[in-house]
There are 2 protein chains.
Amino acid sequence: MYRVWLSIMKKSGSDGRTRERLSREAIAGGAVALADAEGLEAVTIRRLAQDHGVSPMALYWHFKDKDQLLDGIADRLFNDVDLPPVSTEPWPQQLRAVLQALLAALRPHPAVAGLVTSRILTSEAGLNIAERTLSHLRQAGFSPEQAAEIGSYLLGAVVTLVTCEPGQRHGEDDEAHEDAIRVKAASLGALSPRRYPNIIASSGALAACASPDAYYSLGLDMLITGVSGIATEAEAAS
Amino acid sequence: MYRVWLSIMKKSGSDGRTRERLSREAIAGGAVALADAEGLEAVTIRRLAQDHGVSPMALYWHFKDKDQLLDGIADRLFNDVDLPPVSTEPWPQQLRAVLQALLAALRPHPAVAGLVTSRILTSEAGLNIAERTLSHLRQAGFSPEQAAEIGSYLLGAVVTLVTCEPGQRHGEDDEAHEDAIRVKAASLGALSPRRYPNIIASSGALAACASPDAYYSLGLDMLITGVSGIATEAEAAS
DNA sequence: ACCTGAACACCGTTCAAGT
DNA sequence: ACCTGAACACCGTTCAAGT
């Protein structure tokens, strides 16, 4: 599928000498596709340049250094977020919808999801997500300071949901991935039943997620329930 | 402070030719201290070897490759966790105490905290933490499958709390860090008030955490409240 | 404005060899 | 058992130069 992406980008077949003009977007897009296929450690200036049919130094025209390239990847993910319109619904539902939108954008790209945590406030699109999150937290009655802390945590927690999904793949092909899951479940199941009875009972579910959709839905519920809980506490205390 | 660690390790002064025998523990300890001082990107096989007064290849006797070295760092953090004894308290308090113990071990080492997420089930000490977490979740009435998903998330969320603490330093010295915070607060404060009113209101708190203790306490409350909430939901549904 | 070639300092890692 | 030296393939990045 990475090869498909490549050929689209190059706009002509395997013999195609002609290639698209390089751009920040094309490079970041290629980086995401490469990370999806082979993991973040495969995303290298030299490798990206090679796949674009260009010299490594060409990328330095578009990005000051590799860190800015990673910023570009994060920015691309934030731009994939389809923020729900503000409505008259109660804040918990609206906040949940915002987090769910972020989640939906990150789920297809677990290998690069971790990049966004530290970059929300340095990305144009990320700022919009943060602003919406803070506004719903203010609706809940939190102070600007509390909203900042809780908001930072919530956005990070969405990333955590994605990167902690049991059996999350890390850029191997499908068969190798299934093998790894089977091996992991077996090794957990072979632990001492006296010392680790609960790990053994959960070994299958720890090695792979039976229903990712249910997992993510439960995760969002936990987040919103948690915020609602401390919101009412704070309200009762004031 | 990293220099202090170095001199202790070498057991003699600046002229000391004699050094401790190398060991997995000494190497992992040095790696943590180095990451604390200069960030995870400074943790390099060659740099560690140099600081230990040894050739880079010496480390390969103790660790198969760099990934195993990172495993060793995570293992060291898990061993710092002082797990509370099982008691007769209700499960939410006990679960909170377990998460708090993990949090206490990770807080001093934000640069390497992220390493633990994927390594809990491959570390001896990590398995104990996971087992305790799962056992309290089973007490709460969750199935082994639910416990696996929720437990994975909870342990990851503790890491998230540490790495998402607003203004979390990343291995700079103190003055540079305070400068960075001031710059960040100022740049957030200079955003468009029409588009980002809430970010501006929270700009100070987004750039740096006023009271980390309060932040972490609130974070643990959110986690426990969230789990409790979906636990009673699950109970009510059954 | 956009890209290249050569070069530099740095990685992780292998392998044969030393004690 | 524990460590070294030389070598290899790979990084990110700079700088001067080409079009």
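Given the structure is predicted, the values throughout are model-derived calculations rather than measurements. Chain letters run A, B, ... following the sequence lines, proteins first, then strands; residues in each count from 1. Below, each value reflects all heavy atoms present in this structure, side chains not excepted, and no hydrogens, waters or symmetry copies.
- As rounded to whole Å, 12 Å separates atom C1' of D/dG12 from atom CG of A/Leu70.
- In this structure, CD1 of A/Ile27 is placed 13 Å from P of D/dG12, rounded to the nearest angstrom.
- Distance from the side chain of A/Val54 is smallest for C/dT4 among the nucleotides C/dT14, C/dA1, C/dT4.
- We find that NZ of A/Lys66 is positioned 12 Å from C1' of C/dC11, with the value rounded to whole Å.
- Atom NE2 in A/His62 sits roughly 16 Å away from atom P in D/dT13 (whole-Å rounding).
- The pairing partner recorded for D/dT19 is C/dA1, the criterion being a Watson-Crick or G-U wobble arrangement whose two distances lie under 3.5 angstrom.
- You'll find that the side chain of A/Leu22 is closest to C/dC3, out of C/dC3, D/dT14, C/dT4.
- A/Ser187 contributes a side-chain N or O that, together with a main-chain N or O of A/Lys184, makes up a donor-acceptor pair within less than 3.5 Å.
- Under 4.0 angstrom from either OP1 or OP2 of D/dG12 there lies at least one side-chain N or O belonging to A/Thr44.
- Atom-to-atom, CD of B/Glu41 to P of C/dC10 comes out at 15 Å; the value is rounded to the nearest Å.
- Rounded to whole Å, the distance from CZ on A/Arg46 to P on C/dC8 is 14 Å.
- Within 6.0 Å of CG on B/Asp67 lie more than 12 heavy atoms contributed by other residues, nucleotides or ligands.
- No side-chain heavy atom of B/Gln50 sits under 4.5 Å from any side-chain heavy atom of B/Pro56.
- Both distances falling under 3.5 Å, in either a Watson-Crick or a G-U wobble arrangement, place D/dT14 opposite C/dA6.
- Protein atom CE of A/Met57 is 15 Å distant from nucleotide atom P of D/dG18, rounded to whole Å.
- If you measure from atom CZ of B/Arg24 to atom P of D/dC2, you get 12 Å, rounded to the nearest angstrom.
- Looking only at atom types and distance, the side chain of A/Asp75 has a donor-acceptor partner in the side chain of A/Ser123 under 3.5 Å away.
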